[in-house]
Each structure stands twice: as structure tokens, then as C-alpha cells.
Amino acid sequence: HVQLVESGGGSVLAGGSLNLSCAATGKTNVLNCMGWFRQAPGKEREGVASIAIGAGRPYYSDSVKGQFTISRDNAKNTVTLQMNSLKTEDTAMYYCAADSRRAMAWWLLRNPIQFTWRGQGTQVTVS
């Protein structure tokens, strides 16, 4: 079993930046992919970024490409999401997610409901 805990959410003015962090504990040796998805009230869950743990290759949704950066620290079992030039439409609950399946980072980004594990979420509000 894997536990994920997010931190770093908050309120920011449009144009500002936030850095979200996610710490994985438990059987982290099984993880092959981590990512972030968000969900705003009344909207569908949207994958925003994912990363393959081994190769470190990142994937982004079109809506955040060039704006968000995902990175991982395998030694610390953490993944971060640097969010720049935030817009009001980025307001949502952001969830960290993880999965043990290999070569699935791109597919999981587009199907975030399929991530095996997810955290409790951290709220990001842009005004």
C-alpha cells in the first residue's frame, strides 16, 4: 500500500506561482508513475501532469503545458508541481496520484481516474 500526502496549496493572485509537493510513503518501491490531477466544482477530473519514475519523462495536459512543471526526487519519494502564471481557471482541488504500472504515465494523465493511489488533495485558489 502507498500513502500520498500533498502540501503547498493556498490562495494566490492571478499571475502568481505556487509549488505543490507530494510525499509518498509505504511500498514506494512499486511505483512507476506519479502525477497530479485537479477537479473544480462541477467539472470533470483533469489530469495536468504525470511523470515516469524511472526515466523521469514528464507529460502535460495541453491546458498547462509551458505553465506547470512536474519533477520527482526518487531518493526522497517526492514529486512536485511548480505552477507559474496562474489563472483563475486553475482554481481547483489538486490531487497527487501514483501507480505501479510501467509505461503508463501518458495514458494515466488522460485517464486520471485510473491511478491506483491518490492523496487527499490540496486546494489551489487563484483570484
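- Side chains of Ser21 and Glu6: no donor on one and acceptor on the other come within 3.5 Å.
- In Arg102, the CZ atom is not crowded: 12 or fewer heavy atoms of neighbouring residues, nucleotides or ligands sit closer than 6.0 Å.
- Taking 4.0 Å as the cut-off between side-chain N and carboxylate O, Asp90 and Lys87 do not count as a salt-bridged pair.
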Mind running side-chain contact (heavy atoms from CB on, under 4.5 Å) on Lys43 and Arg38 for me, showing each step along the way?
CA-CA 9 Å; Lys43 294 191 176 181; Arg38 65 188 180 187; over 6 Å; no
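- Contact between Gly35 and Ile70 at its shortest, heavy atoms only, is CA-CD1, 4.1 Å.
- Side-chain contact between Thr69 and Leu81: absent, with no pair of heavy atoms (C-beta onward) separated by less than 4.5 Å.
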Check the pair Ser50 / Tyr60 against side-chain contact (heavy atoms from CB on, under 4.5 Å), numbers first and verdict last.
CA-CA 7 Å; Ser50 64; Tyr60 300 97; over 6 Å; no
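- For residues 2-33, no pair satisfies ring-ring contact (aromatic ring centres under 6.0 Å, His included), with sequence neighbours left out.
- Proximity of a side-chain donor or acceptor of Arg72 to a complementary backbone N or O of Ile53 within less than 3.5 Å is detected.
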Please walk me through it: do Tyr59 and Leu108 pass side-chain contact (heavy atoms from CB on, under 4.5 Å)?
CA-CA 10 Å; Tyr59 299 88; Leu108 287 165; over 6 Å; no
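- Two residues are said to be in side-chain contact when any heavy atoms from C-beta on lie closer than 4.5 Å; Trp117 and Val30 meet this criterion.
- A 4.5 Å side-chain heavy-atom check between Ser63 and Glu46 finds at least one atom pair inside the cut-off.
- Considering only heavy atoms from C-beta on, Met93 stays 4.5 Å or farther from Arg45 through its side chain.
- The hydrophobic clustering, which links ILVMFWY residues whose side-chain heavy atoms are closer than 4.5 Å, places Val64 and Val12 together.
- Annotation for Ser17 and Ser85: closest pair OG-N, 4.2 Å, computed over non-hydrogen atoms.
- Between the side chains of Asp99 and Thr116, a donor-acceptor pair is found at a separation under 3.5 Å.
- Between the side chains of Gln67 and Asn84, not a single donor N or O lies within less than 3.5 Å of an accepting N or O.
- Side-chain contact, Thr25 with Gln3: a donor N or O sits under 3.5 Å from an acceptor N or O.
- Across every non-hydrogen atom of Val124 and Leu20, the tightest pair is CG2-CD2, 4.1 Å.
- For Gln120, the CD atom counts as loosely surrounded, since its 6.0 Å shell holds 12 or fewer non-hydrogen atoms of other residues, nucleotides or ligands.
- Rounding to the nearest 0.5 angstrom, the gap separating the CE atom in Met83 from the CG atom in Asn19 is 8.0 Å.
- Here the side chains of Met34 and Cys96 are in contact, with some heavy-atom distance below 4.5 Å.
- Shown here for Ala24 and Leu4, the closest heavy-atom pair between the two residues is CB-CD2, 3.6 Å.
- Side chains of Thr80 and Ser71: a donor on one and an acceptor on the other come within 3.5 Å.
- When all heavy atoms of Gly47 and Pro112 are compared, the closest pair comes out as N-CG, 3.6 Å.
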Would you sort out whether Ser61 and Phe68 count as a side-chain contact (heavy atoms from CB on, under 4.5 Å), showing the intermediate values?
CA-CA 10 Å; Ser61 65; Phe68 291 4; over 6 Å; no
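- In this structure, the side chains of Cys22 and Thr78 stay at 4.5 Å or more apart for every pair of heavy atoms.
- Scored by the side chain to side chain donor-acceptor pair (under 3.5 Å) test, Asn29 finds no partners at all (sequence neighbours excluded).
- Residue Thr122 holds its OG1 atom at 7.5 Å from CH2 of Trp36, rounded to the nearest 0.5 Å.
- Considering only heavy atoms from C-beta on, Gln114 comes within 4.5 Å of Arg101 through its side chain.
- Closest of all the heavy-atom pairs between Ala40 and Thr91 is CB-O, 3.6 Å.
- Asn111 contributes no side-chain N or O that, together with a main-chain N or O of Ile113, makes up a donor-acceptor pair within less than 3.5 Å.
- The structure places CG of Asn77 at 3.5 Å from OG1 of Thr28, a figure rounded to the nearest 0.5 Å.
- Screening residues 71-96 for ring-ring contact (aromatic ring centres under 6.0 Å, His included) gives Phe37-Tyr95 as the qualifying pairs, with residues at least two apart or on separate chains.
- Inter-residue side-chain proximity for Leu86 and Leu13 is flagged as unmet; no heavy-atom pair is nearer than 4.5 Å.
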